[in-house]
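Report on the structure given below.
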Amino acid sequence: MKTLHLILLLLPFFGMAQTKEKPKELAVSPNTYIQSLDNLTLSASFEIVKRVNEAAHSLNKKVAIAILDASGTIILLTRDDGVGPHNADAAKRKAFTALSTKTATLSLLRNAQLNDDTKNLNTLPELLLLSGGSPIWYKGTIVGSIGVAGGGSPENDDFLAKSATIQEFGITTSK
């Protein structure tokens, strides 16, 4: 009888004992919530700015250059001596436009002008439909963008933006 009372007395404590439950299977994988993002580095940005400035100086031009990472955050913003401050803002907006649309801004500008349905893209305050912006690609993925302003013509700005490559490492302005 004492054993029965002891068991009845301890029974609630046995119910509190922890049991190892099997972990529930996840209905989704962690990749549903986490995404790796390739980005240009500061070192790559310095190298690109150096190369673009060399190209600009070969044309006797001084420019402003903006380099953005894949999320649209400024990595580097430079303005050569004597370049108007408005060019730095224009370069930044051209880089953002190229990144956002995944298109070089000269192509975007020309395509928008030809299509009645897209010609109002220039009314979006974040976009700047002027030549001189280009996405920067690595292995088919956009890793950043460049904007160049102050080159003296749409063709120069476009040429300079498209010279933002580190070809030997596969960093280019074309897919």
Side-chain angles (χ1 to χ4, degrees), residues 29-59 61-80 83 87-115 117-175:
S29 75
N31 292 338
T32 302
Y33 301 114
I34 303 297
Q35 179 180 16
S36 294
L37 188 63
D38 291 328
N39 269 314
L40 282 175
T41 64
L42 182 60
S43 295
S45 299
F46 279 129
E47 183 62 27
I48 288 169
V49 165
K50 179 181 143 228
R51 292 178 186 208
V52 171
N53 271 323
E54 287 171 357
H57 294 162
S58 75
L59 298 173
K61 300 295 178 186
K62 294 181 177 186
V63 295
I65 303 168
I67 307 284
L68 307 183
D69 70 13
S71 70
T73 301
I74 296 172
I75 299 174
L76 198 55
L77 180 61
T78 66
R79 184 174 54 89
D80 208 344
V83 175
N87 286 301
D89 186 52
K92 183 174 62 170
R93 289 181 58 206
K94 290 176 184 186
F96 179 82
T97 301
L99 178 73
S100 181
T101 63
K102 300 179 173 106
T103 307
T105 54
L106 181 60
S107 297
L108 184 66
L109 168 66
R110 290 180 176 162
N111 290 338
Q113 289 174 339
L114 296 175
N115 186 336
D117 295 332
T118 58
K119 67 180 176 183
N120 287 335
L121 277 174
N122 64 354
T123 63
L124 293 172
E126 297 84 11
L127 300 183
L128 184 60
L129 273 66
L130 292 177
S131 175
S134 181
I136 298 175
W137 301 85
Y138 177 71
K139 293 184 178 179
T141 301
I142 293 179
V143 294
S145 63
I146 183 168
V148 177
S153 73
E155 292 76 18
N156 282 353
D157 284 353
D158 184 63
F159 166 76
L160 294 171
K162 288 181 177 172
S163 70
T165 65
I166 307 175
Q167 199 72 37
E168 59 272 26
F169 292 110
I171 298 170
T172 66
T173 54
S174 60
K175 234 177 181 180

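This chain uses plain numbering: 1 for the first residue, then up along the sequence.
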### Given Thr78, Asp80, Asn53, the one that forms side chain to side chain contact (heavy atoms under 4.5 Å, CB included) with Val63
Asn53
What residues, two or more places apart in sequence or in another chain, satisfy side chain to side chain contact (heavy atoms under 4.5 Å, CB included) together with [X]?
X     : value
Asn39 : Leu37, Asp69, Ala70
Glu54 : Lys50
Ser58 : none

As an exercise, state the distance from [atom1] of [X] to [atom2] of [Y], rounded to the nearest 0.5 Å.
X      : Y      : atom1 : atom2 : value
Thr73  : Leu99  : OG1   : CG    : 9.5 Å
Leu68  : Ile75  : CG    : CD1   : 7.5 Å
Lys92  : Ile74  : NZ    : CD1   : 4.5 Å
Gln167 : Thr173 : CD    : OG1   : 8.5 Å

### Task
Kindly give the heavy-atom pair with the smallest separation between Val83 and Ala64, and that separation in Å.
CG1-N, 4.1 Å
Identify each donor-acceptor pair in which a side-chain atom of residues 40-48 lies under 3.5 Å from a protein atom, sequence neighbours left out, and give them as a table.
| unit_1 | atom_1 | unit_2 | atom_2 | d |
| --- | --- | --- | --- | --- |
| Thr41 | OG1 | Ser43 | N | 3.4 |
| Thr41 | OG1 | Ala44 | N | 3.0 |
| Ser45 | OG | Thr41 | O | 3.0 |
| Glu47 | OE2 | Arg51 | NE | 2.7 |
| Glu47 | OE2 | Arg51 | NH2 | 3.2 |

### Query
Looking at Lys61, Lys162, Lys94, which hits salt bridge (Lys or Arg N to Asp or Glu O under 4.0 Å) with Asp157?
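Filter result, single survivor: Lys94.
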Sequence neighbours left out, cut at 3.5 Å: what donor-acceptor pairs do the side chains of residues 124-149 make with other protein atoms?
| unit_1 | atom_1 | unit_2 | atom_2 | d |
| --- | --- | --- | --- | --- |
| Ser131 | OG | Pro154 | O | 2.4 |
| Ser131 | OG | Asp158 | N | 3.4 |
| Ser145 | OG | Ala95 | O | 2.8 |

### Query
Taking only residues at least two apart or on different chains, which pairs with a member in residues 106-115 satisfy salt bridge (charged side-chain N to carboxylate O under 4.0 Å, His left out)?
Arg110-Glu155
### Query
So, does Ser100 use its side chain to make a donor-acceptor pair with the main chain of Phe96 at under 3.5 Å?
no
